[in-house]
Amino acid sequence: MIDEITKIKDVLPKKQQRLCHYLVMNYEQVGVMTVAELAQAAEVGTTTVMRLVQTLGCSSFGAFKKELLNAALMRTTTSYRGLKQSFNDPTGQTGSDSFSMVMSDGICMLENLGTPSNRQQFERVIQMLLGARRICPLGLRSSRPMALYFEYAVNCFYPHVMQLSHDLDYVYDRASLYLEPKDVLLVISIWPCTKKTIRVAQMCHDRGVPIALITNTSLNPITKFADAVIDTNSVNHISGDTVILAVIEALVSELGRRTAPESTKNIERIEHILADQDVVLKEY
C-alpha cells in the first residue's frame, strides 16, 4: 500500500498529493483515525480522503485502514520489539512497577484469547494431532523454545513426536524425507517469522502434509498453508509469549485428557522410575 501511494502520488491532484505525503510519513497512526480526523491532520477535505481510497482500489475506508495497519506491522515489527517496549517506562517515572505492567498485559491478552474462532480452531488442531502418526513441531529463532517446550511436555505421555527444530541445517532433509500426509506439522511461528519456516511449511503443504499453526498474528504468511490456525493476536505485546505458552499448555492438557488412561499410566511409569532411581529430591 505504501509503495503504491508513493508510485502514484505525483500524478494526482494537489490535495491528494498532500494527503499522500501525509500518509507516507504517518501511516502508523492512520489505523486509529476516522475519515474526519485524517482529513483534518492532512489539511484536506473528507471528500479528498475518500477519492484517494477509491483510487487505491479499497472498498471502504475501513479496508484502507486495515491495509495501512498491515503495512505498519510489516515495516516496523521485529523479533525484539516487545522486549524493547518492556524497557520503556510507560508512566515516565523511574521505578515504575514492571511486574504489575507485565501481569496486566498478560491478563488482557489471555482474556482476548478465547474467541469463538480460536475455540473452533483449537478443537481442529486437537483432532489433527490425535489422528496423526507423528506430531512434528517446528519453531525457529524466537519460536524455537516454544516448539521444544511442546515436545518436552508431551513426550512424557505421548511419545509420537519428532522435533524438527534441532539441526536446522538439515530441516529440509528431515521434512522431505520423513514427513508424510499421515503426520502433522505443528508450526509455532511468532511474527516476524523466519523465511526458512515459511519455506518448510510450503514444502510440506505441497507434499500433502497437514499443518497446524500457532501464531501471534493472522498476517503470518504460513496461514495460507495451514489447515488450522490459532491466532493469539498478541504481536508487539510485552506478554506475547505468555499467550503462546498458554495455547501450548492447553494443547498438552487436552491431548493428555483425550488419551487417558494410557497417558496417565505413562506418567505414573515415569514417576516410579524417577523414584526408584532416586533422581529427584524427596526430602530436605
Side-chain angles (χ1 to χ4, degrees), residues 31-32 66 69-70 72-74 76-88 90 96-129 135 137-154 161 163 165 184-194 197-198 201 211-258:
V32 295
K66 184 176 181 181
L69 282 171
N70 292 353
L73 187 62
M74 289 284 288
T76 63
T77 301
T78 72
S79 302
Y80 305 106
R81 180 166 178 173
L83 187 60
K84 287 195 299 182
Q85 285 179 325
S86 70
F87 298 160
N88 296 329
S96 64
D97 190 350
S98 295
F99 181 79
S100 297
M101 180 179 64
V102 172
M103 291 303 103
S104 177
D105 185 64
I107 291 171
C108 179
M109 288 293 94
L110 289 170
E111 288 177 344
N112 294 331
L113 181 61
T115 63
S117 174
N118 274 340
R119 292 178 184 276
Q120 182 183 39
Q121 293 298 301
F122 179 86
E123 177 61 27
R124 173 67 179 145
V125 172
I126 286 292
Q127 293 295 336
M128 291 172 63
L129 299 184
I135 303 170
L138 174 65
L140 306 184
R141 289 185 62 84
S142 59
S143 305
R144 186 168 180 261
M146 310 294 178
L148 297 180
Y149 179 74
F150 175 85
E151 178 192 26
Y152 155 77
V154 170
V161 179
Q163 182 65 254
S165 306
V184 167
L185 177 68
L186 176 63
V187 180
I188 301 170
S189 179
I190 300 171
W191 182 270
C193 51
T194 67
T197 307
I198 300 171
I211 299 174
L213 172 65
I214 303 173
T215 183
N216 58 350
T217 174
S218 59
L219 295 178
N220 192 316
I222 300 173
T223 56
K224 62 185 176 184
F225 307 126
D227 300 273
V229 179
I230 299 176
D231 173 18
T232 64
N233 193 29
S234 56
V235 66
N236 290 338
H237 280 265
I238 58 177
S239 300
D241 290 351
T242 302
V243 280
I244 297 288
L245 279 172
V247 172
I248 292 174
E249 292 282 11
L251 287 175
V252 171
S253 177
E254 190 64 12
L255 276 174
R257 189 180 72 83
R258 297 200 190 186

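These numbers were taken from a predicted model, which means no experiment stands behind them.
- Looking at heavy atoms from C-beta onward, Ile248 lies in side-chain contact with Ile188 at the 4.5 angstrom threshold.
- Smallest separation of non-hydrogen atoms from Ala212 and Met128: N-CE, 3.9 Å.
- Between the side chain of Ser143 and the backbone N or O of Ile190 there is at least one donor-acceptor pair closer than 3.5 Å.
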For Met109 and Thr242, run side-chain contact (heavy atoms from CB on, under 4.5 Å): C-alpha distance rounded to whole Å, both residues' side-chain angles, the deciding distance at 0.1 Å, then the answer.
CA-CA 8 Å; Met109 288 293 94; Thr242 302; over 6 Å; no

What do the steps show when you test Thr215 against Thr232 for side-chain contact (heavy atoms from CB on, under 4.5 Å), and what is the final call?
CA-CA 6 Å; Thr215 183; Thr232 64; over 6 Å; no

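- Across all their heavy atoms, Ala147 and Pro137 have their closest contact at O-CB, 4.1 Å.
- With values rounded to the nearest 0.5 angstrom, Leu138 atom CG is found 7.5 Å from Ile222 atom CD1.
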Stepwise side-chain contact (heavy atoms from CB on, under 4.5 Å) test for Asn112 and Asn233:
CA-CA 8 Å; Asn112 294 331; Asn233 193 29; over 6 Å; no

Could you walk me through whether Arg258 and Glu254 pass salt bridge (Lys or Arg N to Asp or Glu O under 4.0 Å), step by step?
CA-CA 6 Å; Arg258 297 200 190 186; Glu254 190 64 12; 2.6 Å; yes

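- Side chain to side chain, Ser189 and Asn220 meet the donor-acceptor criterion of an N or O pair below 3.5 Å.
- Between the CD1 atom in Ile135 and the CG atom in Leu255 there is a gap of 5.5 Å [rounded to 0.5 Å].
- Side-chain contact check for Gln163 and Tyr152: no donor-acceptor pair (N or O, by modelled atom type) lies under 3.5 Å.
- The distance from atom CZ of Arg141 to atom OG1 of Thr194, rounded to the nearest 0.5 Å, is 8.0 Å.
- Contact record, Ser165 with Arg144: O-NE, 2.9 Å, taken as the closest heavy-atom pair.
- Counting only heavy atoms from C-beta outward, the side chains of Val187 and Phe225 never approach each other to under 4.5 Å.
- Taking the side chain as every heavy atom from C-beta outward, Glu249 and Ser253 never approach each other to under 4.5 Å.
- By the 4.5 Å heavy-atom criterion applied to side chains, Ile244 and Val247 are not counted as neighbours.
- Between the OG1 atom in Thr115 and the CG atom in Asp231 there is a gap of 8.0 Å [rounded to 0.5 Å].
- Side-chain contact between Asp227 and Arg124 is present, with at least one heavy-atom pair separated by less than 4.5 Å.
- Interatomic distance, OG1 of Thr223 versus CG of Leu213, reported as 7.0 Å (0.5 Å rounding).
- Annotation: the span from Phe150 atom CZ to Ile214 atom CD1 amounts to 7.5 Å, rounded to 0.5 Å.
- Contact check for Pro221 versus Trp191: side-chain heavy atoms found under the 4.5 Å cut-off.
- By the 4.5 Å heavy-atom criterion applied to side chains, Ile230 and Val125 are counted as neighbours.
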